[in-house]
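One structure is given below, encoded as structure tokens.
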Amino acid sequence: MAFIEIKGLHKWFGSFHVLRGITEQVEQGEVLVICGPSGSGKSTLIRCVNRLEEYQKGTIHFDGRDIHDPGLDVNSLRAEIGIVFQQFNLYPHLTVLKNVTLAPIKVRGVPRAEAEENGLALLERVGIHDQAHKYPAELSGGQQQRVAIARALAMKPKAMLFDEPTSALDPEMINEVLNVMKDLARDGMTMLCVTHEMGFAREVADRVIFMDAGEVLEQAPPQEFFSNPKHERTKLFLKEIL
Amino acid sequence: MGYQFNWSLVLTGEYRDWLLDGFVLTLKISGIAGACALALGTLVAIMRLSRVKPLMWLSLSFTEFFRNTPLLVQIFFWYFGSEAFLPTYVNQWLYRQDFEFAAGTIALTVYSSAFIAEELRSGIFSIPKNQLEASRATGLNFLQAYRYVILPQAFRIVIPPLISQLLNLLKNSSLVMTIGVMELTYQARQVESFTFHGFEAFTVATLLYLAVSLTVSFIITMYNKHFLHQLRY
Ligand SMILES: Nc1ncnc2c1ncn2[C@@H]1O[C@H](COP(=O)(O)OP(=O)(O)OP(=O)(O)O)[C@@H](O)[C@H]1O
Ligand SMILES: [Mg+2]
């Protein structure tokens, strides 16, 4: 069984059928890029993986466990999966370092000193070591998003989900975030990235999937996906964003 | 026709002591009612947020009822009405205590708690939903997310309006003079009827109310300057 295995996934918001039978497998260390038009269900799909959204039909296995197994503790599942949102969602009342150490201390019971040491190392890794004691509001968007990545990594996750991590950023800040993500990918992190950054996809994705109206219409390695899209909808979409 | 100001009359001796006693009682009834209103208001706000239908409904009726009827009517209600719905032995016990003070405290508590509950509820509501989501996504459980992420933010937001509710309570407490609680306004009235120097007596009372309000307002302003700027999303 694959590391993340999604089988026949259906989800409805009320009567609106948002995911219409998604089947996908992601291996350990694989980087999957998900693209598609607005409203096609990309965010909903990745949010199902850490159960921020519930689904009504189908199964998702993560690291061999059915994530909907009644015996499974949803908090420990989430602790193993990092997620980075479009709007950063940092905690505004806590310093950058405290944003990063909160979950390790409270969820994993890591001693404060150790959590801070680890947190500072992560902030160094994302290039904002010197801002550790500032508040999120004092940072630029690109810096905030890198803190959000560090916060997720602080739980030592087995996989990372990214939901359009660069779409709320000014153009000049996009690369600083993408570079952190590329490093992660090269270090072997399993990643599901909803993004329209096709340069990123070309460089580090193992596969790109195209979603439309709750279905995966097409999937291929990036070279093939960009040079030779099969589906009319994909061609149209690529023409719009490139 | 000349009014002879006589400040020393109200600033010394017996009449000064009356006013000071009144001021102490005003602080006492406001303090007790304020503390009880915070507790009751928190309870009512939590009931409202609980998503348990009967509790939500009860909480909503409570706040709407007590916010939308005049405080003076409520004070008379507790004072004259308690006989009708409290058991006899409770009433008898109350009469042996300071019954006016008890009725006034209850009225001020209940009335203020309705406003406090609304402030607390809207403070918690104003925290963006994605804060809860982001914290749950790192593995914090619901209570941890509230304790470490949601409530600290709500608290910062809600402190200034809560304090102005408590100042309203201080000012509203003057109404309990109508049921004979000998607080500051009552005593100023007493001084007036004994000395016919109402202007001086009420000036002193006004300044005492003002001193407390302005001190507290100043503290809120400082608080806003130093803490609220962090909360940008
Ligand atoms: N909580 C919700 N309740 C009802 N409908 C929702 C909810 N969340 C999303 N939807 C709807 O589901 C559809 C898919 O939403 P989703 O956010 O997954 O799309 P997306 O592909 O991520 O789009 P975008 O590129 O705009 O982020 C949209 O039509 C959206 O309006
Ligand atoms: Mg989306």
- Message: With a 4.5 angstrom heavy-atom cut-off, is it the side chain or the backbone of B:Glu133 that approaches chain A, or both, or neither?
- Response: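 Contact with chain A involves both backbone and side-chain atoms of B:Glu133.
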
Let me know if [X] has heavy atoms under 4.5 Å from chain B in its side chain, its backbone, both or neither.
X: A:Arg151; result: side chain
X: A:Leu77; result: neither
X: A:Asn50; result: side chain
X: A:Arg47; result: side chain

Other residues, nucleotides, ligands: >12 heavy atoms within 6.0 Å of [X] [atom1]:
X: A:Lys11; atom1: NZ; result: yes
X: B:Arg16; atom1: CZ; result: yes
X: B:Phe80; atom1: CZ; result: yes
X: B:Trp57; atom1: CH2; result: no
X: B:Met182; atom1: CE; result: no
X: B:Phe155; atom1: CZ; result: no
X: A:Glu117; atom1: CD; result: no

- Message: Taking B:Ala154's backbone N and O only, do any of them form a donor-acceptor pair with A:His93's side chain (distance below 3.5 Å, no angle check)?
- Response: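 No: the side chain of A:His93 does not pair with the backbone of B:Ala154.
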
- Query: Going by heavy atoms in the side chains, are B:Arg147 and A:Lys106 under 4.5 Å from each other?
  - Reply: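 Answer no - side chains too far apart.
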
Considering all heavy atoms, the nearest [X]-[Y] contact:
X: A:Tyr91; Y: B:Ser135; result: OH-CA, 3.2 Å
X: B:Arg136; Y: A:Asn75; result: NH2-OD1, 3.3 Å
X: A:Leu90; Y: B:Gln131; result: O-NE2, 2.8 Å

- Item | From B:Thr138 atom OG1 to A:Asn99 atom CG, the distance as rounded to the nearest 0.5 Å |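 With rounding to 0.5 Å, OG1 (B:Thr138) is 10.0 Å from CG (A:Asn99).
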
- How long is the gap from CG on B:Leu132 to CG on A:Leu52, to the nearest 0.5 Å?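 It is 9.5 Å, given to the nearest 0.5 Å.
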
- Item | Largest heavy-atom contact set with chain B, pairs under 4.5 Å, which of A:Ile83, A:Leu102, A:Val74 |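 Of A:Ile83, A:Leu102, A:Val74, A:Leu102 has the most heavy-atom pairs under 4.5 Å with chain B.
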
